[in-house]
Peer 1: 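Have a look at this one before I ask anything.
Values below: all heavy atoms of this structure, side chains included; hydrogens, waters and symmetry mates excluded.
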Amino acid sequence: MKENNNYLEIKNVTKVYSSKVAVKDISLSISEGTIYGLLGPNGAGKTTLIRMITRILYPDKGEIFIKGEALKEKHIKITGYMPEERGLYRKMKVFEQLIYFLCLKGLPKARACQKTEMWLKKLNMYEWKNKPVGELSKGMQQKIQFILTVSHEPSLLILDEPFAGLDPVNSQLIKDIILELKASGVTTIFSTHRMEQVEEMCDKIALINNAQVILEDNIRSVKKRFQKNIYRIESDNDLSILKDIADLTVLESGNNYSVVELKSITGKEFLIKLLNKVDITKFELKLPTLNEIFIELVSKSEEGRSKKEIII
Amino acid sequence: MFNSQGLTINYISPITLLMNKIWLIIEREYMTRVKSKGFILSTLLVPLGLALLIVLPFIAGMISEKEYLKIYVIDPSGRVLPLLKSNESFTFLSTREDYDSLKEKLRGEHREGILVIPEDLSGEVIEIMYFSFDNLTLGQEIQLRGKLKEILHKIKIENLGIPGELLEKLNFRLSLSTGKLSQKGEEKTNTLIAAMSGYIMAFLIYISMVIYGSFVMRGVVEEKANRVVEILICSVRPFDLMIGKIIGIGAMGITQFAIWVIMKTFFVFIGACIFSWYSMNINPVQLQRISSLQSEVFYGQIQNIMTQFHSFDFKLLFFFFFYFIGGYLLYSSLHAAVGSAVDQESDANQLVLPILIPLMIPMIILTRILHNPNGNIARFASIFPFFSPMAMLVRLASVEVPWYEILLSMILLILTFLGSVWISARIYRTGILMYGKKASFRELGHWILHKG
């Protein structure tokens, strides 16, 4: 039952380069039609993992399945991959280039033409179709790269930093298309360092550090798991009396707000006590941002690692 | 609007799909290059340059103005001066003045000189002196020396008492024709032309290995540097990408050669037309002047060369293309491997050296092969696969090479290029994804042995 729901299944995959382990026994499952965030600091092993999904590299151990089928030649056609380091032939014209890459993906030429035209129009790039790519601005090249990734209608999309170098208008355009594709059932793997985008778009995330998955869950439960007893209180009254109400530390305070961490009391109890003393305009459980979680987890695992090294 | 029906594709057999992809790569590599300005320019300019190189000395010789020189001859014996005939370069004058007064007279004159001939012309060493305020040009000196030697030779023979008519009978022309004995009978051959055509073919192969090899290398580096390669290899296998590039650039090379062959035939035709028209329009006086002994030999030679170059030796042409393709696959795949191992073209020099050295060695020993095409060095070089594309052609052009040596050489070349394509593909596969560090030879070894 569960197997059917998972579009992509990575099982105990390990990849070792001559000098170091890039991916160590990673298992992930990604359900169909979701956006999955792959997070992690530089050099954590994300790119190696992605390269194994796109069949650029082969795992030393473990297997990868798409819809229950081990990765095969035919899966080339259903994957769209946009690597972090963008690359196009600079002297080749936009249209020619897109057709070439689509045909390499296995599309017949007529269909490639049709798809290319449609996508160029959709991204407002049609008038540039006979320009050499090298003459386009960076943002435009980025859009061409995006067209290259999605125009053969892949059912698995792998995007590495898709918004890098785009202005807000074009970022929004691309974001809308990704969501549109999601609605039509496309599964997306999304790798980025920009947490606000992850929070906004991803259904589920995996955090990779030192070749291993150190966290995998959907965003809401991740946040719940890392939630602390921190509240933000806004009031027109003087908030300096907060310390007298309960055992707490003030983390931050301003003109008419305070952020406090409760020590030996639940939020509910605190609120009841609080209401007796001051008029509050806002009382909010402060969830950690993904950014904070990310930094906390990574530095923790670094600490653990260095401790281990010392013991060894 | 979007339907992801990616999995329900029509079934196409994997082989056709694969061939289709390699074909696409070949097509792109070929078309972008053939359509480029560089290709068109080089295709037109190289033969033009070669033609100029051949024709220019002739033209220069024709139009160069002759330096006119007036020479006073002090000839106490009185035997040399009568034989010194003036021509368009030299005018020889007798003089009664002595050397010192002549020297005063010549001061400031640029086109005058003094020739002092000794009285005694019987010694083993005859010292003749020439003085002037300007140095003689090399051409003038050679001409003068030749004239004097001829005259003194005559005088010496006269001194021995041999009459003039007998002397005339000593002149003769030598013509050494060489023939090759084969089953079909005697074949006329021309050793010089055979050696020359062998040399030209070897040189063409050497140059094209270097140039087309570097095209392949640059193509790989370019794809790696602008990061297209990562997008490409999620659609095609690295091996297909490499072999597609090699074949595409090779096809471009063959196209270039084909155009040159056509151009050559065309130019030879035009040249022959001009030549025959020219010789028909020469007036009799000029004709007489040309048809001295020397020019007769010269034109005979030219005609001989023209006919020999004209008659296509199809056997040789076949071997040329075989060794061209074999050598190209061998050397270009190695170039591709080097290209994949570096980030920038400038880093490639160190790695490309081990490829260029085996290419250069047969060119260095080429004269030895020409002198002794059946010697041990020649036989080894024509069989050793890194040298054979150049060395074997030189031998084939000049001597009858035993069939088993040809067969061995061909088989070894095929095996070697298969091996080098395999090894290069393994380096390429790993190399194209490696950035940032320069690969050492040890690492390259690692990449070859490393599995998928």
Peer 1: Could you look at A:R86 and say if it's the side chain, the backbone, both or neither that has a heavy atom under 4.5 Å from chain B?
Peer 2: backbone
Peer 1: Got a second to check how far A:L104's CG is from B:D240's CG, nearest 0.5 Å?
Peer 2: 10.0 Å
Peer 1: Identify the heavy atoms of A:G106 and B:K21 that sit nearest to each other, and give their distance.
Peer 2: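 That would be N-CE, 4.5 Å.
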Peer 1: Starting from the C-alpha separation in whole Å, work towards a yes-or-no answer on salt bridge (charged side-chain N to carboxylate O under 4.0 Å, His left out) for B:R28 and A:E96.
Peer 2: CA-CA 10 Å; B:R28 196 198 84 85; A:E96 249 175 77; over 6 Å; no
Peer 1: So which of A:M92, A:R55, A:K91, A:R90 has the largest heavy-atom pair count under 4.5 angstrom toward chain B?
Peer 2: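 Going by pairs under 4.5 Å, I would pick A:M92.
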Peer 1: Identify the heavy atoms of A:I76 and B:S235 that sit nearest to each other, and give their distance.
Peer 2: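 Closest heavy-atom pair between A:I76 and B:S235: CD1-O, 3.5 Å.
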Peer 1: Under 6.0 Å from the NZ atom of A:K24, do we count more than 12 heavy atoms belonging to anything else shown?
Peer 2: no
Peer 1: Is the number of heavy atoms from other residues, nucleotides or ligands under 6.0 Å of B:F203 CZ greater than 12?
Peer 2: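 Open.
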Peer 1: So which part of A:L148 gets closer than 4.5 Å to some heavy atom of chain B, the side chain, the backbone, both or neither?
Peer 2: side chain
Peer 1: Tell me whether B:K37 at atom NZ has more than 12 heavy atoms from other residues, nucleotides or ligands lying less than 6.0 Å away.
Peer 2: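 For B:K37, atom NZ is not crowded (no more than 12 foreign heavy atoms under 6.0 Å).
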Peer 1: Distance from A:I50 atom CD1 to B:C234 atom SG, nearest 0.5 Å?
Peer 2: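 SG of B:C234 is found 11.5 Å from CD1 of A:I50.
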Peer 1: Which atoms of B:E27 are under 4.5 Å from chain A, going by heavy atoms: the side chain, the backbone, both sets, or neither?
Peer 2: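 For B:E27, no heavy atom lies under 4.5 Å from chain A.
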Peer 1: Might you point out which heavy atoms bring A:Q145 and B:I231 nearest each other, and give the distance in Å?
Peer 2: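 Heavy atoms only, the tightest pair is NE2-CD1, 2.5 Å.
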Peer 1: Around atom NZ of A:K93, are there more than 12 heavy atoms of other residues, nucleotides or ligands at under 6.0 Å?
Peer 2: no
Peer 1: Side chain, backbone, both or neither: which part of A:L88 has a non-hydrogen atom closer than 4.5 Å to chain B?
Peer 2: backbone
Peer 1: Highest number of heavy-atom pairs under 4.5 Å with chain A: which of B:E223, B:E222, B:E230?
Peer 2: B:E230
Peer 1: Side chains of B:V228 and A:F101: closer than 4.5 Å at any heavy-atom pair?
Peer 2: yes
Peer 1: Name the region of A:M82, side chain, backbone, both or neither, that has any atom closer than 4.5 Å to a heavy atom of chain B.
Peer 2: neither
Peer 1: For the OH atom on A:Y89, are there more than 12 heavy atoms of other groups (residues, nucleotides or ligands in this structure) within a distance under 6.0 Å?
Peer 2: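 Enclosed.
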Peer 1: If you measure from CD1 on A:I56 to CZ on B:R429, what distance do you get to the nearest 0.5 Å?
Peer 2: 13.5 Å
Peer 1: Find the one option among B:I233, B:V229, B:T32, B:L433 whose heavy-atom pairs under 4.5 Å with chain A are most numerous.
Peer 2: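 Answer, by heavy-atom pair count under 4.5 Å with chain A: B:L433.
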Peer 1: Before you tell me yes or no, could you show the steps for B:L232 and A:Y100 under side-chain contact (heavy atoms from CB on, under 4.5 Å), namely the whole-Å CA-CA distance, both residues' side-chain angles and the distance that decides it to 0.1 Å?
Peer 2: CA-CA 10 Å; B:L232 285 169; A:Y100 174 62; 4.2 Å; yes
